[in-house]
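The next block holds one structure in the form of structure tokens; read it before the comments.
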Amino acid sequence: ATSTLVMKDPKPIMVGDKFQRINSEDFVADIHYLIQRADVRTSEVRNEDIDNLKAYVKTAAEDERKELKGMTISSYASPDGPMDLNEKLAENRQESAKRYIERELRRDKVEQAQTEDFFATLTTPEDWEGFKELVQESNIEDKELILRVLSMYSDPEVREREIKNLSAAYEELAEDILPELRRSKLIAQIDLIGLSDDEIVALVADDPDSLALEEILYAATLTDDLDKKLSIYQKASENHPGCFRARNNIGYVYVLKGDVDNAEGAFADAGELQENDVLKNNLGVIALHQGNIEEAKEYFTSATGAGENVNYNLGIIAIMEGNYEAAVNYFGNTCEFNTALAQVLNDQLQDALSTLNCIENDDAMNYYLKAVIGAKNENEDMVFSNLRTAVGKDSDLKDLAETDLEFRKYFDNETFQSIVE
């Protein structure tokens with residue numbers, strides 16, 4: 001029967017790495033100003049955070065593993081005083097901060113800082129968001145009342161008037177909060193450049209212990225050799241025994257190698273660290289390979305959050321149970337032999353032919369199923385041409401064709417007999 005052609009090839013799921021070759025990093029320093037002033041004070045630029053910013057930018061500019069992308073200068077005024085005054089203050093603070101840091105980076109011979117688009121500038125005339133954040137973190141008297149005023153009123157003038165009416169609280173605000181908002185924030189953007197693929201491949205072969213977890217997990221994706229993949233994941237598990245992904249992926253590779261027993265052991269080890277939908281799917285794969293259909297179905301059904309592989313696996317179960325419409329739905333538009341088989345069994349012959357034509361691998365069974373479709377369509381040429389190709393690729397299919405009821409009307413046909421003899 002055609003349903004027995006189902007490929008019992010359930011798909012395990014690996015858990016990917018989080019390796020990123022390029023990681024962005026911001027280094028931040030603040031220049032604070034006196035009330036209604038925009039000049040950069042000597043006492044401010046001697047602060048440790050400014051020194052650290054300049055040193056970091058200079059180092060990044062010279063480090064081949066770092067790329068200095070640019071610097072944003074974001075300047076603010078506190079939300080007290082007239083709006084037009086605050087707008088001018090924020091602009092003047094931005095200009096003074098830019099002049100200062102440009103001069104310092106030129107002195108440090110940071111060439112990137114001399115380009116036209118290195119600096120980006122922003123101004124915030126009244127920093128109500130910063131004000132709210134600092135108040136929330138403070139122990140100021142009438143803190144909740146101040147926050148209520150911010151939530152009740154959006155007009156800045158009304159906000160300022162209502163807060164100033166809280167005389168005791170406003171004194172604390174003027175002393176502890178508002179000075180922190182009169183600032184220019186210097187934000188250097190740097191990209192950290194990680195190891196190249198070639199460097200990772202070399203290190204995983206010669207010095208795997210030098211690689212971080214994400215690097216060694218990524219290294220396994222750089223080879224198609226299953227034995228090499230397996231050894232890399234085993235090394236990752238050895239170096240990081242608490243890593244679920246490493247243990248799970250050991251089982252994943254064992255499944256691809258056809259070693260169900262070792263795969264089962266690896267997934268059991270992974271289960272000691274974590275239970276999730278990926279693991280449930282993979283335990284279902286083991287159960288199906290072992291012929292435990294109901295157990296496999298239970299695992300797959302409980303693992304539907306793990307992605308498309310689970311649907312594929314449920315599609316296999318649906319074919320085996322004779323529920324062909326459900327199988328078609330599970331497989332969707334995937335270009336798989338089982339997808340085409342489900343479509344044939346559900347009398348969607350043209351869809352099945354389209355599916356077979358989109359499959360990339362040149363497997364004998366694809367041609368065999370096309371011959372079955374030809375038989376169902378009473379297309380003799382289609383039967384013989386595809387069956388001839390199929391048995392040419394896999395001679396064992398001759399015995400199958402001789403007993404396949406789809407071809408019963410051709411059993412006495414000379415051409416058919418010449419193909420299967």
Side-chain angles (χ1 to χ4, degrees), residues 1-11 255-256 258 284-285 288-294 296-297 300 308-421:
T2 302
S3 59
T4 63
L5 299 180
V6 62
M7 298 282 190
K8 298 182 183 68
D9 58 350
K11 296 184 177 183
V255 170
L256 299 187
V285 167
L288 187 53
H289 276 298
Q290 293 174 339
N292 301 321
I293 310 303
E294 287 303 317
K297 182 178 180 180
F300 295 145
E308 291 302 313
N309 282 12
V310 181
N311 288 337
Y312 179 84
N313 298 339
L314 283 168
I316 294 174
I317 300 288
I319 290 179
M320 297 174 73
E321 291 181 338
N323 193 344
Y324 306 134
E325 183 177 357
V328 168
N329 290 332
Y330 279 128
F331 291 134
N333 295 321
T334 55
C335 292
E336 303 273 2
F337 174 85
N338 280 340
T339 306
L341 177 62
Q343 291 165 334
V344 168
L345 295 169
N346 203 45
D347 295 324
Q348 298 173 229
L349 301 183
Q350 191 57 46
D351 290 338
L353 195 56
S354 297
T355 298
L356 289 169
N357 287 334
C358 80
I359 297 175
E360 292 184 2
N361 68 66
D362 201 31
D363 190 80
M365 287 303 298
N366 299 338
Y367 295 98
Y368 189 91
L369 192 56
K370 284 183 180 181
V372 170
I373 294 172
K376 287 181 175 294
N377 283 328
E378 298 184 351
N379 185 332
E380 194 172 277
D381 290 340
M382 186 176 179
V383 172
F384 296 152
S385 63
N386 283 288
L387 190 57
R388 186 176 290 108
T389 302
V391 301
K393 291 179 173 293
D394 182 357
S395 60
D396 289 343
L397 293 179
K398 293 180 179 181
D399 293 337
L400 179 61
E402 282 186 305
T403 59
D404 192 330
L405 294 178
E406 296 289 1
F407 302 130
R408 58 189 177 276
K409 68 179 293 184
Y410 303 105
F411 284 168
D412 295 328
N413 183 286
E414 290 183 5
T415 302
F416 181 84
Q417 290 176 350
S418 69
I419 293 172
V420 301
E421 68 182 10

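Numbers here simply count residues along the sequence, with the first being 1. Because only heavy atoms are used, hydrogens play no part in the values below, and waters and symmetry mates are left out as well, while side chains stay in.
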Task: Spacing of Thr389 atom OG1 and Leu397 atom CG [to the nearest 0.5 Å] - done: 11.5 Å

TODO: Sequence neighbours left out, what passes ring pair (Phe, Tyr, Trp, His ring centres under 6.0 Å) with Phe407? Give chain and number order.
DONE: Tyr368, Phe416

- [ ] Output yes when a side-chain donor or acceptor of Ser385 lies under 3.5 Å from a complementary backbone atom of Asp381, and no otherwise.
- [x] yes

Open item on the list: Check Glu406 with Lys376, please: is the shortest side-chain N to carboxylate O separation under 4.0 Å?
Closed with: yes

Task: Charged N-O contact under 4.0 Å between Lys393 and Asp362 - done: yes

Open item on the list: So for atom CD, which belongs to Gln417, do other residues, nucleotides or ligands contribute more than 12 heavy atoms lying within a distance under 6.0 Å?
Closed with: yes

Open item on the list: Looking at Thr355 and Asp351, would you say the former's side chain and the latter's main chain have a donor-acceptor pair under 3.5 Å?
Closed with: yes

Task: Nearest atoms (heavy-atom pairs only) where Pro10 meets Phe300 - done: CB-CZ, 4.4 Å

Task: Lys11 and Glu308 ion-paired at < 4.0 Å - done: no

- [ ] Keeping the roles fixed (side chain from Asn377, backbone from Asn379), state whether a donor-acceptor pair exists under 3.5 Å.
- [x] no

Task: CD-CG distance between Gln343 and Leu356, expressed to the nearest 0.5 angstrom - done: 8.0 Å

- [ ] Considering non-hydrogen atoms only, spot the tightest contact between Ala401 and Val420 and give its length.
- [x] CB-CG1, 3.8 Å

TODO: Determine, step by step, whether Arg388 and Tyr367 satisfy the side-chain contact (heavy atoms from CB on, under 4.5 Å) criterion, reporting the C-alpha distance in whole Å, the side-chain angles of both residues, the deciding distance to 0.1 Å, and the verdict.
DONE: CA-CA 9 Å; Arg388 186 176 290 108; Tyr367 295 98; over 6 Å; no

TODO: Taking the side chain as every heavy atom from C-beta outward, state whether Tyr330 and Ile319 have any atom pair closer than 4.5 Å.
DONE: no

Open item on the list: Using every non-hydrogen atom in the two residues, find where Ala296 and Gly284 come nearest and quote the distance to one decimal.
Closed with: CB-O, 3.5 Å

- [ ] Evaluate the side-chain contact (heavy atoms from CB on, under 4.5 Å) criterion for residues Tyr324 and Ser3: first the C-alpha distance (whole Å), next the side-chain angles of each, then the deciding distance (0.1 Å), finally the verdict.
- [x] CA-CA 9 Å; Tyr324 306 134; Ser3 59; 3.5 Å; yes

TODO: Any chance you could measure Glu336, atom CD, to Asn366, atom CG, to the nearest 0.5 Å?
DONE: 10.0 Å

- [ ] Could you grab the distance from atom CG of Leu387 to atom CG of Leu369, nearest 0.5 Å is fine?
- [x] 12.0 Å

Task: Pairwise distance CE(Met320) to CD1(Ile293) - rounded to 0.5 angstrom - done: 3.5 Å

Task: Closest non-hydrogen atom pair between Gly315 and Ala327, with its separation - done: O-CB, 3.7 Å

Task: Straight-line distance of Asn292 CG to Lys297 NZ, nearest 0.5 Å - done: 14.5 Å

- [ ] For residues Tyr410 and Ala375, report the shortest heavy-atom separation together with the two atoms involved.
- [x] CE1-CB, 4.1 Å

TODO: Compare every heavy atom of Ala364 with every heavy atom of Asp394, then report the nearest pair and how far apart it is.
DONE: CB-CB, 3.8 Å

Open item on the list: Before you tell me yes or no, could you show the steps for Ile317 and Leu288 under side-chain contact (heavy atoms from CB on, under 4.5 Å), namely the whole-Å CA-CA distance, both residues' side-chain angles and the distance that decides it to 0.1 Å?
Closed with: CA-CA 9 Å; Ile317 300 288; Leu288 187 53; 3.9 Å; yes

TODO: Please assess Asn413 against Phe384 for the test side-chain contact (heavy atoms from CB on, under 4.5 Å), listing each intermediate value before the final yes or no.
DONE: CA-CA 10 Å; Asn413 183 286; Phe384 296 152; 3.4 Å; yes

- [ ] Report yes or no: does Asn313 contribute a side-chain atom to a donor-acceptor pair with the main-chain N or O of Asn309 at less than 3.5 Å?
- [x] yes

Open item on the list: Whether the side chain of Lys370 engages the backbone of Asn386 through a donor-acceptor N/O pair (distance < 3.5 Å, no angle test) should be reported.
Closed with: no

Open item on the list: Within the 3.5 Å criterion, strictly below it, is a donor on Asn346 or Gln348 matched to an acceptor on the partner's side chain?
Closed with: yes

Open item on the list: Are there over 12 heavy-atom neighbours, none belonging to Asn361, within less than 6.0 Å of that residue's CG?
Closed with: yes

TODO: Determine yes or no for a side-chain-to-main-chain donor-acceptor pair under 3.5 angstrom, with Asn338 supplying the side chain and Met7 the backbone.
DONE: yes

